[in-house]
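Here is the naming used below: chain letters follow the sequence lines, and residue numbers restart at 1 for every chain.
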2 protein chains.
Amino acid sequence: MRVFPNLFAAMVPSPSPPTTEWIALPGHGYHEVIVDSPGHSDNPADFSQEHMMLLLQAYKDRYSHYCCLDDVNYVSIFKNWGREAGASLSHSHSQIIALPIMPPLMKREIDAISAAPFCPFCNIVMREISSARAIAENGSWVQIAPFYSQVPYETWILPKSHISNLMEMDERQHCDLASLLRDALRRMRDLLNNPPYNLMIQQIGSGYHMNIRIHPAITKIAGFERSTGVFINPVSPEQAAAEIRGA
Amino acid sequence: MRVFPNLFAAMVPSPSPPTTEWIALPGHGYHEVIVDSPGHSDNPADFSQEHMMLLLQAYKDRYSHYCCLDDVNYVSIFKNWGREAGASLSHSHSQIIALPIMPPLMKREIDAISAAPFCPFCNIVMREISSARAIAENGSWVQIAPFYSQVPYETWILPKSHISNLMEMDERQHCDLASLLRDALRRMRDLLNNPPYNLMIQQIGSGYHMNIRIHPAITKIAGFERSTGVFINPVSPEQAAAEIRGA
């Protein structure tokens, strides 16, 4: 497994300043590509337990490198699989973008968490583990179809214990996550015929409950979604969970 | 031109109630399809002035029908052109979805407008009309590449005067909008080779400055955008405006 600076970086350490009368920040940051596997045609759904643990270790290592930098306020780790999901390379890869700001979607989550009397994600884990939206679980992780699924067959993977990021995983959690993630990718491939997808790791330094979101890219984000922020999803999470459990 | 109830309606007048322990609203509302043109292969970029005025009249008529209903809080009018932009029919069409709620993106705009000492859209019109992001204008409308362009070659069309919705247009504004919109669609088709796009009309009953947003769908919304709300756009609005002006 190898990690490279992205050739077409969205963020660079020394950007040229924007010239404008409105407020714009320079694109200061870092943008890396993680080559997930040596084989050009390898599908992550086939990764061995050892391979998946290594990939998670790479995520963890690069996260821990960036999260402590003075000029970084958020570290986004994500994987686009398939052209329809935005992958411009067919060789399996992940990306890391370290940003100088807390991005708006994460900021809204943090605000909501601060305003809640308990951790909303702990609550989700507790309630959903026995709901019709539960898909799979092992010792330390659970996979669900979220109640507010934006896209058909969206799933979330959450740790049962309240950890903020990958660095806080112990060996057992690391091993269990690799196992559940392999299972999740295999089921999705089998059920939806190797669909394009986005896999996104949501985590911050502290005061958060990390989670991984997988969005199969089998529907389009069109005019209605773009202009309203409301998502039309024809598959209920209960239906999605039932189908994924059976895959 | 004909208007039909959508065969696969996202909202219906009498939905079955959701059964869940979390808060979910029934999908109460209305969903129509406007067949823009009698010809199956007609491209909106070729519509005559008379045809475009008729289409805008249809938008206005259907908006005025829905906006006053007691069970409607927002009327979304949009057009998806091309499969990549989410159009499931190739015959040129627009859609109207009448919602029982004010959608989140619109709600945030309204909150921002309420908090501002002046209308942000009036300010945009005034500043941008002579900026490097200006594209075209006529007596009552202006087209710009917005400072915060989410996607390459995104453009906005705004009325010079502060009107909240299509119903407040006078004859002159109606005629000028048809003219500018035709020009905008023709330029986009010529410059970007008939790209897929989403055209979205943002309007509410009062206290707003209506605007039309056109997003060419030539890039994908991928993992980074979905998880952060930050959009990577490799084409600056100044560059986009220059190219569109020259088309």
Side-chain angles (χ1 to χ4, degrees), chain A residues 8 10-11 18-24 27 74 76-81 83-88 94-95 97 99 101-108 127 131-133 147-148 150-151 196-202 213 215 217 219-230 232 234 236 238, chain B residues 8 10-11 18-24 27 74 76-81 83-88 94-95 97 99 101-108 127 131-133 147-148 150-151 196-202 213 215 217 219-230 232 234 236 238:
Chain A
F8 307 99
M11 297 284 150
T19 56
T20 174
E21 68 280 25
W22 266 319
I23 298 167
Y74 183 72
S76 167
I77 301 183
F78 59 97
K79 174 175 178 55
N80 302 328
W81 172 258
R83 185 160 294 275
E84 285 303 303
S88 49
S94 306
Q95 294 183 66
I97 297 184
L99 291 173
I101 56 162
M102 184 60 74
L105 289 189
M106 208 60 185
K107 195 164 181 310
R108 279 210 289 283
R127 296 176 71 145
S131 83
R133 294 173 291 275
F147 177 71
Y148 172 50
Q150 292 189 334
V151 300
Y197 63 84
N198 304 111
L199 183 153
M200 301 158 285
I201 302 182
Q202 309 289 99
R213 303 179 191 179
H215 285 203
T219 50
K220 307 283 184 194
I221 295 183
F224 181 67
E225 287 81 3
R226 281 180 187 268
S227 61
T228 62
V230 174
I232 298 174
S236 75
E238 295 79 12
Chain B
F8 307 99
M11 297 284 149
T19 55
T20 174
E21 68 279 27
W22 266 320
I23 297 167
Y74 183 72
S76 167
I77 301 183
F78 59 98
K79 174 175 177 56
N80 302 328
W81 172 257
R83 186 160 294 274
E84 284 303 302
S88 49
S94 306
Q95 294 183 67
I97 297 184
L99 291 173
I101 55 161
M102 183 61 74
L105 289 189
M106 207 60 185
K107 196 165 179 310
R108 280 210 289 284
R127 295 176 71 146
S131 83
R133 293 173 291 275
F147 177 71
Y148 172 51
Q150 292 189 334
V151 300
Y197 62 83
N198 304 111
L199 183 152
M200 301 158 285
I201 302 183
Q202 308 289 99
R213 304 179 191 179
H215 285 204
T219 50
K220 306 284 184 194
I221 295 182
F224 181 67
E225 287 81 3
R226 281 180 188 268
S227 61
T228 62
V230 175
I232 297 174
S236 75
E238 294 79 11

**OP:** Run through His215(A), Met106(A), Met200(A) and flag the one making a side-chain contact (heavy atoms from CB on, under 4.5 Å) with Ser227(B).
**Re:** Met200(A)
**OP:** Output yes when a side-chain donor or acceptor of Asn80(A) lies under 3.5 Å from a complementary backbone atom of Ala222(B), and no otherwise.
**Re:** no
**OP:** Check whether any side-chain heavy atom of Leu105(A) lies under 4.5 Å from a side-chain heavy atom of Thr228(B), and answer yes or no.
**Re:** no
Subject >> Top contributor to chain B interface from Arg226(A), Gln202(A), Met11(A) [non-hydrogen pairs under 4.5 Å] >> reply: Arg226(A)
Subject >> Part of Arg83(A) within contact of chain B (heavy atom distance under 4.5 Å) >> reply: backbone
**OP:** Name the option with the most non-hydrogen atom pairs under 4.5 Å to chain A; the candidates are Gly229(B), Gly86(B), Gly223(B).
**Re:** Gly223(B)
**OP:** Can you tell which part of Tyr197(A) gets under 4.5 Å to a heavy atom of chain B, answering side chain, backbone, both or neither?
**Re:** neither
Subject >> Which of Pro103(A), Pro234(A), Ala132(A) touches chain B most, by non-hydrogen pairs under 4.5 Å >> reply: Pro103(A)
Original post:
Looking at Gln95(A), Gln150(A), Lys107(A), Glu84(A), which makes the most heavy-atom pairs under 4.5 Å with chain B?
Top reply: Glu84(A)
**OP:** For chain B, find which of Ser76(A), Ser236(A), Pro196(A), Ala87(A) contributes the most heavy-atom pairs closer than 4.5 angstrom.
**Re:** Ser76(A)
**OP:** Using a cut-off of under 4.5 Å on heavy-atom pairs, state which of Ile101(A), Val230(A), Ile97(A) scores highest against chain B.
**Re:** Ile97(A)
Original post:
Most heavy-atom pairs under 4.5 angstrom with chain A, which of Ser88(B), Pro104(B), Ala10(B)?
Top reply: Pro104(B)
Subject >> Part of Ala85(A) lying under 4.5 Å from any heavy atom of chain B >> reply: backbone
Original post:
Is it the backbone or the side chain of Leu99(A) that comes under 4.5 Å from a heavy atom of chain B, or both, or neither?
Top reply: side chain
Original post:
Is it the backbone or the side chain of Arg213(A) that comes under 4.5 Å from a heavy atom of chain B, or both, or neither?
Top reply: neither
